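Residue numbers run from 1 in the order of the sequence given. Both backbone and side-chain heavy atoms feed into the values below; hydrogens, waters and symmetry mates do not. Every value quoted in this text rests on a predicted model; they were computed, and no experiment measured them.
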Amino acid sequence: MIFDVNVIWENLPLYFEGLLVTLKILSISLAVGLAVAVPLGLMRISRSAWVNFPAWLYTYVIRGTPMLVQLFLIYYGLAQFDLVRESSLWPYFSSATFCACLAFAINTSAYTAEILAGSLKATPYGEIEAAKAMGMSRGKLYRRILLPSALRRALPQYSNEVIMMLHGTSLASIVTLVDITGAARTVSSQYYLPFEAFITAGLFYLLLTLILVRLFKLAERRWLAYLAPRKS
């Protein structure tokens, strides 16, 4: 038999457990990353060097280093310091799930911040003038006009970032987590069938990608309808 279906069928529960781990890591990382990216994106468009430079440096360093290196530094690197091992944070940093989510959240926050900054800079000045004409304060302007408008326009670029993060979560298996890739590694090592094991993992990732693309298309259709060309 070219493709051993029986082995994959018997191990489907392991793949579905890995699917849950992947979705958990992805959702936590994206939620935390987006929460951090919003203030970073606002800092990136500031005219003050004291505000802009720290955000620029953060995004430059994070985007300039591989996510695998960042994961290794957090999971393996911090453990060598006595200060970390003896602190109250050690139960968290000794957890592979926490370290993976932290590394992925840090990585995606840098990319998302730049996406939001670009979207904020592309805001039509007419929207800002209209808000000022209505007497909105600076805080209300950002809260009601700039951020909602920028987040909507950033959807196409952010969808690519989400999909890249989904694929990036496969690195979690390197730090002992049994996600989709971890399940494939387990099956491959037990049955010596790497082709079947990783083809199955690839199909899981492909299906998740198709679902995410569809969800973002629906979101774009709803929130970016005003940007679509009008029919004559």
Side-chain angles (χ1 to χ4, degrees), residues 21-81 83-85 87 89-90 92-123 142 146-147 150-177 179-182 205 208-209 212-213 216:
V21 173
T22 294
L23 292 176
K24 176 183 177 182
I25 295 173
L26 179 65
S27 57
I28 293 175
S29 302
L30 290 176
V32 176
L34 182 60
V36 174
V38 170
L40 282 174
L42 294 174
M43 291 171 66
R44 285 289 288 117
I45 64 171
S46 174
R47 295 181 180 178
S48 170
W50 293 101
V51 177
N52 187 302
F53 180 76
W56 172 84
L57 182 63
Y58 174 86
T59 59
Y60 182 82
V61 170
I62 299 302
R63 292 190 302 150
T65 54
M67 187 159 55
L68 179 60
V69 173
Q70 298 163 12
L71 178 59
F72 277 179
L73 286 175
I74 293 174
Y75 185 67
Y76 296 111
L78 293 178
Q80 70 179 341
F81 298 107
L83 182 64
V84 176
R85 292 199 304 270
S87 70
L89 296 176
W90 178 240
Y92 298 101
F93 284 104
S94 61
S95 167
T97 301
F98 177 84
C99 290
C101 290
L102 179 60
F104 298 154
I106 289 174
N107 188 273
T108 190
S109 67
Y111 286 93
T112 306
E114 289 297 328
I115 292 172
L116 288 177
S119 187
L120 284 166
K121 291 177 182 178
T123 302
Y142 274 94
L146 290 182
L147 274 177
L151 288 170
R152 286 196 299 268
R153 288 195 305 276
L155 274 175
Q157 294 81 9
Y158 186 62
S159 65
N160 293 330
E161 170 60 18
V162 171
I163 292 171
M164 291 299 295
M165 275 305 304
L166 168 64
H167 299 162
T169 58
S170 61
L171 297 176
S173 63
I174 298 176
V175 291
T176 72
L177 291 177
D179 61 340
I180 296 174
T181 303
Y205 284 114
L208 285 175
T209 300
L212 287 173
V213 168
F216 273 102

Nearest non-hydrogen partners of I45 and A117, listed with the distance
CG2-O, 3.7 Å

What one should report as the nearest heavy-atom pair of S170 and S173 is O-OG, 3.0 Å

If you take all heavy atoms of A110 and R63, which pair is closest and at what distance?
CB-CG, 4.0 Å

Nearest atoms (heavy-atom pairs only) where M165 meets S29:
CE-CB, 4.4 Å

Take atom CG in L57; do more than 12 heavy atoms of anything else shown fall under 6.0 Å from it?
yes

For the side chain of D179 and the backbone of V21, is there at least one donor-acceptor N/O pair under 3.5 Å apart?
no

When Y158 is tested against each of L34, L151, I163 for side-chain contact (heavy atoms from CB on, under 4.5 Å), which residue passes?
L34

Calculate, to the nearest 0.5 Å, the distance between atoms OG1 and CG belonging to T169 and L71 respectively.
11.5 Å

Within the structure provided, determine whether L120 and R44 are in side-chain contact (heavy-atom separation under 4.5 Å).
no

With rounding to the nearest 0.5 angstrom, report the CD1 to OG1 distance, I62 to T108.
11.5 Å

Do the non-hydrogen side-chain atoms of L146 and L42 ever get within less than 4.5 Å of each other?
no

Quick one: does E161's side chain get under 4.5 Å of E114's, heavy atoms only?
no

Tightest non-hydrogen contact, residues Q80 and G77, listed as CG-O, 3.0 Å

If every non-hydrogen atom of S119 is compared with every non-hydrogen atom of A150, which pair is closest and at what distance?
OG-O, 2.7 Å

Would you please classify the geometry between the W56 ring and the Y60 ring as parallel, tilted or perpendicular, with 30° and 60° separating the classes?
parallel

Would you call V162 and L166 a side-chain contact if the rule is heavy atoms closer than 4.5 Å?
no

SG of C101 to CG of L30: how many Å apart, nearest 0.5 Å?
10.0 Å

Any side-chain heavy atom of N160 within less than 4.5 Å of one from I115?
no

So, do Y75 and T176 sit near enough that their side-chain heavy atoms are less than 4.5 Å apart?
yes

Distance from L171 atom CG to F72 atom CZ, nearest 0.5 Å?
8.0 Å

Determine whether V38 and L116 make a side-chain contact, defined as any pair of heavy atoms from C-beta on separated by less than 4.5 Å.
yes

Flag side-chain contact, heavy atom, 4.5 Å: L26 against F104
no

Partners meeting ring pair (Phe, Tyr, Trp, His ring centres under 6.0 Å) with F93 (sequence neighbours left out):
F98

To the nearest 0.5 angstrom, please state how far the OG1 atom of T65 sits from the CG atom of L73.
8.0 Å

